[in-house]
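Single-structure report; data block below.
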Amino acid sequence: MDYSTIVDIFNEMEATSKRTELTDLIVRLLKSTPKELIDKVVYLMLGRLRPEYEGIELGIADKMALRALSISSGIDMKRVEEMYVRRGDIGEAAEEALSKRLQAVLFKDRLTVERVYSTLEKVAMLKGEGSQDAKIRYICNLLNDAEPREGKYILKIVTGRLRLGIADYTLLDALAVAFTDSKENRSILERAYNLTSDLGFVAKMLVYGGLDAVKAIRMELFRPIRPMLAERVSSAEEALERMGGRCAAEYKLDGERLQIHKHDGRVKIFSRRLEDITSHYPDAVDAIAGIRARDLIVEGEAVAINQDTQEYLPFQELMHRRRKYGIEEAMKEYPIALNLFDILYIDGKECIDLPYMERRRILENLISGVESSNSSNSINSSIVSIVPMLIVSDAKSIEDYMFKAINEGCEGLMIKDLNSPYRAGARGYAWIKLKREYKSELADTLDLVIVGAFHGRGRRAGRYGALLLASYNREDDTFYTTCKVGTGFTDEDLERFHAMLNPYIIKHRHARVNSRLDADVWFEPRMVIEVIASEITLSPLHTCALNVIREGNGLALRFPKFTGRIRDDKSAEDATSVDEIVSMYRRQLKVIRQTQTGIEEDVGREGE
Ligand code: AMP
């Protein structure tokens with residue numbers, strides 16, 4: 001197939017802004033493509049060489065592409081760069097430079113799609129020392145035989161700049177029209193695409209085997225499945241109504257979604273965007289490799305945790321995992337918990353068409369197996385668990401569960417239809433996300449009393465891993481717990497705290513301390529420290545202002561952090577009071593409402 005055939009159509013595609021026209025052009029291109037090239041032409045149209053999940057990147061730097069252009073055109077680098085700056089588009093710069101080529105090329109070899117594709121493949125595969133020169137040579141080799149408009153698309157593709165604006169679904173429409181004569185069949189193609197995430201593969205199956213072959217496509221290990229997505233509603237009532245009055249509420253964790261494939265000991269992890277991110281999570285790989293199923297596809301959320309308190313940390317902490325080098329250190333420094341929430345495949349059995357509850361049961365069985373093998377320490381799967389879930393049938397239970405989830409560091413809840421299959425690639429109301437609709441950083445710091453502590457683990461073994469903090473209520477002269485804090489301490493702080501708190505250790509919870517949590521060590525309420533937090537939330541775990549705002553809930557700090565300041569200038573009774581926390585919470589709500597309604601008002605004065 002002549003490369004110029006696709007180039008001419010690419011040119012037309014770039015010129016149109018109408019979706020129907022674009023679809024027609026894709027249909028024309030697909031129809032003029034020989035069967036054996038169909039997958040390659042599909043990838044090229046999308047500006048790639050392979051399905052995205054294979055991670056084959058062309059992404060040649062502009063400088064390198066321009067150097068090839070300079071060599072091939074005989075125009076010096078400075079002028080080529082000027083052309084690029086003036087045109088603002090590397091493809092157009094290539095077109096101009098090649099049309100002003102200094103030496104006319106007398107004998108050109110034919111440029112075919114096959115040749116362009118296989119050369120680009122070589123360019124993508126070259127790695128390491130000397131690869132730059134070799135890449136330039138390959139690109140020159142193509143440019144030397146290219147007409148100016150062909151050169152335009154060669155440079156666009158190698159620099160990753162081909163943007164024809166073809167959405168996956170437009171391509172599916174076009175495939176249906178080109179090879180089945182009816183757009184109606186798109187849903188059959190779409191199903192196959194959702195299961196394979198590979199449009200080239202679906203196109204190939206279609207041209208060789210027709211719709212029957214496409215219908216027979218199944219999910220496969222190590223080929224990511226397009227993830228099921230959730231719709232959003234703004235209230236528990238609405239969620240419940242959509243679900244027909246009864247549903248599952250799962251914690252919505254704030255981490256990174258992982259789709260994990262396993263066969264024997266081999267494990268691969270895909271991101272939500274289906275990139276291969278196996279190398280970011282060696283600990284998850286180990287944990288899943290140790291699970292007793294031979295074949296497995298599961299989904300879960302990796303969340304950064306504080307190893308001492310086992311509390312979830314904000315999503316940003318996971319960013320440290322996104323690195324090429326030093327992942328072993330990052331793994332130790334930023335440990336994760338892997339909370340599985342779905343199972344798509346196990347030991348030869350597809351699970352996606354099973355209803356939610358059945359999938360959940362299979363997952364629960366699998367994880368209970370993990371937990372029991374943990375006790376013998378045979379495998380490192382302790383980081384794996386199943387996401388907490390509650391079956392709910394009234395709005396109040398949803399709200400209570402949501403406060404609990406938020407208090408434990410989650411974003412909110414995922415409400416799930418008990419009977420729904422796993423709808424790959426679909427966003428719908430079978431999953432509904434119920435999030436806190438606001439985010440506001442508490443501006444004020446709080447001074448809280450240390451009333452208890454929890455033993456440290458890992459790096460903090462032998463010291464305190466987290467402290468239990470309380471606010472003070474003058475009316476009944478009692479300290480009410482407000483949070484557990486494990487963040488913000490340096491190694492010296494930890495040493496210091498151990499020594500400083502020693503004299504205050506008591507055998508039982510202090511009589512003036514009201515706590516629902518059971519600390520490992522209790523103290524006489526004496527020492528006050530300063531903390532900051534992201535916000536104040538309702539919590540069933542803490543006793544500060546219990547039942548004041550909401551029945552069964554107290555107020556707690558979300559993501560509390562020690563500021564480094566010990567308030568030895570304050571006595572325990574000088575600590576931030578329960579009343580102050582209540583008014584901070586109310587103020588925060590007011591700010592949130594205003595942000596939502598867009599009203600600007602000075603609320604900082606309230607409570608003054
Ligand atoms: P959003 O990114 O806000 O559209 O929410 C969807 C994302 O929430 C998913 O892609 C997952 O990464 C994440 N998530 C956290 N917890 C769950 C859960 N229990 N079930 C499904 N997705 C979850």
Side-chain angles (χ1 to χ4, degrees), residues 53 194 197 224-236 238-239 242-243 247-260 269-275 277 280-281 284 297-305 311-319 321-322 336-344 351-352 354-364 366-367 383-392 397-398 401-439:
Y53 67 81
N194 286 332
S197 312
I225 290 135
R226 292 176 32 85
M228 177 165 179
L229 302 170
E231 279 289 355
R232 178 198 294 262
V233 297
S234 51
S235 70
E238 196 185 338
R242 292 239 178 221
M243 292 292 172
C247 50
E250 289 183 357
Y251 276 17
K252 184 177 193 302
L253 299 142
D254 191 10
E256 179 166 29
R257 183 176 188 155
L258 308 185
Q259 188 180 102
I260 310 174
I269 304 179
F270 297 102
S271 71
R272 172 181 168 152
R273 297 188 47 223
L274 311 180
E275 300 138 324
I277 49 165
H280 298 179
Y281 293 104
I297 303 180
V298 284
E299 277 197 330
E301 191 88 351
V303 199
I305 51 155
E311 283 169 322
Y312 299 133
L313 297 177
F315 166 74
Q316 290 81 326
E317 296 288 316
L318 269 188
M319 293 299 100
R321 290 294 189 106
R322 297 206 174 153
I336 56 154
L338 175 59
N339 290 265
L340 300 182
F341 57 74
D342 223 315
I343 182 157
L344 315 187
C351 306
I352 54 170
L354 300 175
Y356 167 85
M357 272 316 281
E358 242 173 275
R359 300 201 307 281
R360 174 89 192 182
R361 244 189 308 272
I362 297 173
L363 200 54
E364 276 167 3
L366 191 72
I367 299 308
I383 64 164
V384 184
S385 60
I386 188 162
V387 78
M389 183 273 275
L390 186 72
I391 304 280
V392 284
S397 314
I398 296 184
Y401 202 51
M402 170 130 128
F403 289 127
K404 186 166 184 292
I406 289 172
N407 188 251
E408 286 174 36
C410 297
E411 271 188 301
L413 295 179
M414 270 291 195
I415 307 293
K416 298 188 174 176
D417 182 340
L418 297 172
N419 302 312
S420 169
Y422 184 94
R423 297 188 210 274
R427 186 182 291 282
Y429 284 96
W431 282 11
I432 294 176
K433 52 190 170 191
L434 204 54
K435 287 201 223 181
R436 296 168 315 114
E437 287 300 325
Y438 51 85
K439 258 206 169 97

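Since the structure is predicted, the reported quantities are computational estimates derived from the model, not experimental observations. Note that ligands are numbered from 1 as they come in the structure, with each ligand's atoms numbered from 1 the same way. What you see below is based on every heavy atom in this structure, not just the backbone, and it leaves out hydrogens, waters and symmetry mates.
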Do me a favour and list the nearest non-hydrogen protein atom to [atom] with residue, atom name and distance?
atom: atom 8 (O) of ligand 1; result: Lys252 NZ, 3.2 Å
atom: atom 3 (O) of ligand 1; result: Lys435 NZ, 2.9 Å
atom: atom 16 (N) of ligand 1; result: Leu253 N, 3.1 Å
atom: atom 10 (O) of ligand 1; result: Arg257 NH1, 2.9 Å
atom: atom 6 (C) of ligand 1; result: Met414 CE, 3.5 Å
atom: atom 23 (C) of ligand 1; result: Phe341 CE2, 3.7 Å

Inset, instruction - With sequence neighbours excluded, tell me which residues meet side-chain contact (heavy atoms from CB on, under 4.5 Å) with Glu311. - result: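 Once residues adjacent in sequence are excluded, the partners of Glu311 under the side-chain contact (heavy atoms from CB on, under 4.5 Å) criterion are Thr309, Lys484.
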Inset, instruction - Output yes when the distance from some N or O of ligand 1 to some N or O of Leu229 is under 3.5 Å, and no in every other case. - result: no
Inset, instruction - For Met228 and Ile352, run side-chain contact (heavy atoms from CB on, under 4.5 Å): C-alpha distance rounded to whole Å, both residues' side-chain angles, the deciding distance at 0.1 Å, then the answer. - result: CA-CA 10 Å; Met228 177 165 179; Ile352 54 170; over 6 Å; no
Should the proximity of [X] to ligand 1, defined as any heavy atom under 4.0 Å, be assigned to the side chain, the backbone, both, or neither?
X: Glu250; result: side chain
X: Arg272; result: side chain
X: Lys433; result: side chain

Do [X] and [Y] touch side chain to side chain, with heavy atoms closer than 4.5 Å?
X: Glu256; Y: Ile336; value: no
X: Leu344; Y: Cys351; value: no
X: His280; Y: Leu318; value: no

What atoms of ligand 1 come closer than 4.0 angstrom to any heavy atom of [X]?
X: Glu301; answer: 11 (C), 12 (O), 13 (C), 14 (N), 15 (C)
X: Trp431; answer: 21 (C)
X: Tyr251; answer: 16 (N), 17 (C), 18 (C), 19 (N)
X: Lys416; answer: 18 (C), 20 (N), 21 (C)

Inset, instruction - Identify which one of Arg359, Arg360, Glu301 satisfies the side-chain contact (heavy atoms from CB on, under 4.5 Å) criterion when paired with Phe341. - result: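 It is Glu301, the one option of Arg359, Arg360, Glu301 that forms the side-chain contact (heavy atoms from CB on, under 4.5 Å) with Phe341.
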Inset, instruction - Could you tell me whether the side chain of Tyr53 and the main chain of Ile225 form a donor-acceptor pair under 3.5 Å? - result: no
Inset, instruction - Look at the rings of Tyr251 and Tyr401 and say which category their plane angle falls in: under 30° parallel, 30 to 60° tilted, over 60° perpendicular. - result: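 Rings of Tyr251 and Tyr401: tilted, 30 to 60°.
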Legend entry - Reported CE-to-SG distance for the pair Met389 and Cys247, which is rounded to 0.5 angstrom: 10.5 Å
Inset, instruction - Take every heavy atom of Glu299, measure it against each atom of ligand 1, and state whether any distance is under 4.0 Å. - result: no
Legend entry - ring-ring contact (aromatic ring centres under 6.0 Å, His included) partners for Phe270, two or more places apart: His261
